[in-house]
Amino acid sequence: LDHYGLHMYMFYFFFSSRRRHTRCSGVSWARRCVQETDKMVFEIVPKIQNFVMRSYNWSDGSKRLLLHPAGPFTVFFWCPMIKWGISFVNVRDIYYTPLEAVSSKLQFVLFISGLVWARYAMVITPKNYLLGASNFLMGVIAGVQLYRKWRAGQLILSLIHI
C-alpha cells in the first residue's frame, strides 16, 4: 500500500462517519484522512517531547538520546523493541515448545525477513543499529529453529505440505 492507502485502511473506521456526510471522491477523502492523521500525530509528538524535556533536569547524555533522530519519540526506536520481543519468544520456543509445534513456514519467513530488514536498517538514514541488531538476531534464531527441524528430519516434510 502507498502512503495514502495505508492511512485510509488504518483509519477507515475512525473517519467513516465523516465520509458519509461529505460529497467528495475517495481520493480526496483519503488525502483528507492523511492530512488529519498527520496533523494529529505530528502535532502531539513534539508537544509530548517538549513536556518531557522541560519536566526534568536531564543530563547531557539523556538529552542527546531523547532528541536523537532515532530516539524514543520516533518509530525508529519502538520498532526494534517489538522485534526483540519476537526474538525472545522464539528463544523461549527453543527450550519449551516441542519441535513438532514449531512452524517451519513461520521460521522461514522470520529468517528471510530478519536478514533483509537487518540490511535495510544499515542503509536508511539515520542508520538504525538497534533495528539492525534486533532483525539480525531474529534471523539467526529462526535459522537455529530451521536447523533443529532439519536435524530432526521434519523440515522438508513440513515445507512440502501446504
Side-chain angles (χ1 to χ4, degrees), residues 1-19 21-22 24-97 102-103 105-147:
L1 293 172
D2 61 339
H3 182 72
Y4 291 106
L6 182 63
H7 276 76
M8 186 171 69
Y9 177 75
M10 288 173 49
F11 295 100
Y12 174 75
F13 294 107
F14 181 77
F15 289 104
S16 62
S17 62
R18 292 184 189 178
R19 185 171 185 235
H21 304 297
T22 60
C24 55
S25 69
V27 173
S28 63
W29 173 78
R31 287 196 177 121
R32 185 168 40 98
C33 178
V34 168
Q35 290 168 352
E36 290 181 21
T37 306
D38 286 350
K39 186 170 80 171
M40 180 177 62
V41 170
F42 293 121
E43 285 180 1
I44 197 165
V45 172
K47 289 179 183 177
I48 294 171
Q49 187 176 23
N50 288 334
F51 174 77
V52 168
M53 295 305 292
R54 284 183 281 125
S55 65
Y56 185 75
N57 188 14
W58 299 98
S59 68
D60 290 338
S62 298
K63 284 181 186 177
R64 279 196 311 272
L65 172 69
L66 291 171
L67 297 174
H68 193 271
F73 292 101
T74 65
V75 70
F76 295 110
F77 180 80
W78 293 105
C79 181
M81 295 300 123
I82 301 301
K83 297 283 185 146
W84 285 115
I86 293 171
S87 297
F88 292 145
V89 168
N90 217 0
V91 167
R92 183 199 163 278
D93 286 347
I94 290 175
Y95 295 106
Y96 297 111
T97 304
V102 175
S103 169
K105 294 172 188 164
L106 174 67
Q107 296 303 323
F108 182 73
V109 168
L110 287 176
F111 176 71
I112 297 298
S113 172
L115 298 182
V116 167
W117 287 104
R119 170 70 179 131
Y120 172 75
M122 296 299 120
V123 297
I124 60 172
T125 303
K127 284 191 186 330
N128 196 340
Y129 297 108
L130 187 60
L131 180 64
S134 64
N135 278 304
F136 183 74
L137 181 67
M138 186 175 71
V140 167
I141 294 171
V144 168
Q145 289 281 43
L146 289 172
Y147 177 72

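Residue numbers start at 1 and run along the sequence shown. Hydrogens, waters and symmetry mates are skipped; everything else that's a heavy atom, side chains included, is used.
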- request: List the steps and the verdict of side-chain contact (heavy atoms from CB on, under 4.5 Å) for I94 and I141.
  value: CA-CA 9 Å; I94 290 175; I141 294 171; 4.2 Å; yes
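Shortest non-hydrogen contact noted between A142 and F111 is CB-N, 3.5 Å.
Residues meeting the side chain to side chain donor-acceptor pair (under 3.5 Å) test with S59, sequence neighbours left out: S62. Remark: Y147 engages W150 in a ring-ring contact (aromatic ring centres under 6.0 Å, His included) (not counting sequence neighbours).
Applying the side-chain hydrogen bond (donor to acceptor under 3.5 Å, both in side chains) definition to pairs two or more places apart or across chains, those involving residues 72-84 are K83-N135. Annotation: side-chain hydrogen bond (donor to acceptor under 3.5 Å, both in side chains) contacts involving residues 86-97, sequence neighbours excluded, comprise N90-Q107, N90-Q145, D93-T97.
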Name every donor-acceptor pair, under 3.5 Å, that has one atom in a side chain of residues 44-54 and the other anywhere in the protein, sequence neighbours excluded.
unit_1 : atom_1 : unit_2 : atom_2 : d
Q49    : NE2    : L66    : O      : 3.0
N50    : ND2    : P46    : O      : 3.2
R54    : NE     : N50    : O      : 3.3

Just distance, no hydrogens or angles: give the donor-acceptor pairs under 3.5 Å from side chains in residues 114-131, sequence neighbours left out.
unit_1 : atom_1 : unit_2 : atom_2 : d
K127   : NZ     : M122   : O      : 2.9
N128   : OD1    : L131   : N      : 3.2
N128   : ND2    : F76    : O      : 2.7

